[in-house]
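Whatever order the structure lists them in is the order used to number ligands and atoms, beginning at 1.
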Amino acid sequence: MRANLLRSSVLTFAVLAGCSRQSESVPSSTIASTSSSAMVTFVKTQDGSPLEIKAELFDTAQAKEFSRTGKNPYIGNADAIAQGKKLFQMYSCTQCHGGDAGGQTGPSLRGPDFRYAKDATNKGMFETIWHGTNGGMGAKGKGLMDPTDPNNGLKPDEVLQIQAWIRSHDGKLTGNE
Ligand code: HEC
């Protein structure tokens with residue numbers, strides 16, 4: 001009997017503690033905005049308006065980290081740089097930007113100066129590659145590709161590897177500064 005009483009008072013305490021914790025907790029509207037701010041806010045290079053990219057497309061540890069921090073964890077990674085070089089060819093970036101990203105009909109991507117100043121950062125360059133520009137750069141490098149179709153073309157992880165290769169040409173600029 002005594003043990004039972006003790007147990008029930010412990011239970012009551014636990015419930016009360018739970019309640020008070022709940023009443024201290026933030027309103028659900030705040031929770032919603034906190035959880036969405038776990039992902040950095042991407043914007044279109046065209047007009048600075050929000051660029052929605054589904055969270056599930058960030059499907060590797062590195063891509064997930066990038067989606068939270070805007071920093072590209074592949075910078076300086078030899079495997080990613082080698083893979084990025086292949087992808088740069090596979091997705092025909094070479095046709096306009098040259099085999100060494102030094103420029104051809106499209107501009108050089110080596111920096112440190114860019115047409116879009118934000119491309120000096122990895123987040124900014126990611127947005128430019130993902131959604132294109134108004135001046136001849138198609139989304140994901142292909143003008144006819146629907147940039148909103150997640151099954152079409154480059155994945156975020158591949159963009160990050162391409163970027164690691166692009167940045168490997170300029171020792172001064174990692175884009176993660
Ligand atoms: C059909 C030609 C073409 C292809 C293919 C292409 N680009 Fe571009 N790209 C351009 C042009 C032209 C520009 C300049 C756009 C502007 O001034 O608005 C550009 C701009 C860029 C920029 C911005 C450079 C700056 O100075 O700010 C990046 C980054 C870029 N391209 C990356 C890529 C990558 C990565 C690929 C492959 C996935 C790719 N491009 C494929 C033509 C192309």
Legend entry - Any N or O of Asp119 closer than 3.5 Å to N or O of ligand 1: yes
Inset, instruction - Only heavy atoms count here, so choose which of Cys96, Ser108, Ser92, Ala117 is nearest to atom 3 (C) of ligand 1. - result: Cys96
Legend entry - Selected option - heavy-atom contact closest to atom 36 (C) of ligand 1, from Gly135, Cys93, Gly124, Gly84: Cys93
Inset, instruction - Answer with yes or no whether Met125 contacts ligand 1, where contact means a heavy atom under 4.0 Å from a ligand atom. - result: yes
Inset, instruction - Say whether Thr45 and ligand 1 are in contact under the criterion: heavy-atom distance to a ligand atom below 4.0 Å. - result: no
Inset, instruction - Check each of Trp165, Phe126, Tyr116 against atom 16 (C) of ligand 1 and report the one with the nearest heavy atom. - result: Tyr116
Legend entry - Which atom of Phe126 lies closest to which atom of Leu160, heavy atoms considered: CD1-CD2, 3.9 Å
Inset, instruction - Run the numbers for me: atoms of ligand 1, each under 4.0 Å from some heavy atom of Leu154, listed by number. - result: 38 (C)
Legend entry - atom 8 (Fe) of ligand 1 to nearest N/O/S of Met137 less than 2.8 Å: yes
Inset, instruction - Name whichever N, O or S atom of His97 ends up nearest to atom 8 (Fe) of ligand 1. - result: NE2
Legend entry - Side chain, backbone, both or neither: the part of Leu109 lying under 4.0 Å from ligand 1 by heavy atom: side chain
Legend entry - Asn72 side chain reached by Met125 side chain, heavy atoms, under 4.5 Å: no
Inset, instruction - Measure up the His169 and Trp165 rings against each other and bin them: parallel (under 30°), tilted (30 to 60°), perpendicular (over 60°). - result: perpendicular
Legend entry - Enclosure of Gln104 CD (heavy-atom neighbours >12, cutoff 6.0 Å): yes
Legend entry - Contact check: Thr133 vs ligand 1, nitrogen or oxygen atoms, below 3.5 angstrom: yes
Legend entry - Polar proximity ligand 1 side, Asn134 side, N/O cut 3.5 Å exclusive: no
Inset, instruction - State, without any angle test, whether Arg167 and Asn122 hold a side-chain donor-acceptor pair at a distance under 3.5 Å. - result: yes
Legend entry - Student check: side-chain heavy atoms of Tyr91 and Ile129 closer than 4.5 Å: no
Legend entry - Donor-acceptor pair between Asn176 and Thr174 side chains, under 3.5 angstrom: no
Inset, instruction - With heavy atoms of Pro107 as the reference, note each atom of ligand 1 found under 4.0 Å away. - result: 11 (C), 13 (C), 14 (C), 19 (C)
Legend entry - NZ on Lys71 to NZ on Lys123, rounded to 0.5 Å: 10.5 Å
Inset, instruction - Return the orientation label for the Phe66 and Phe58 ring planes: parallel under 30°, perpendicular over 60°, tilted otherwise. - result: tilted
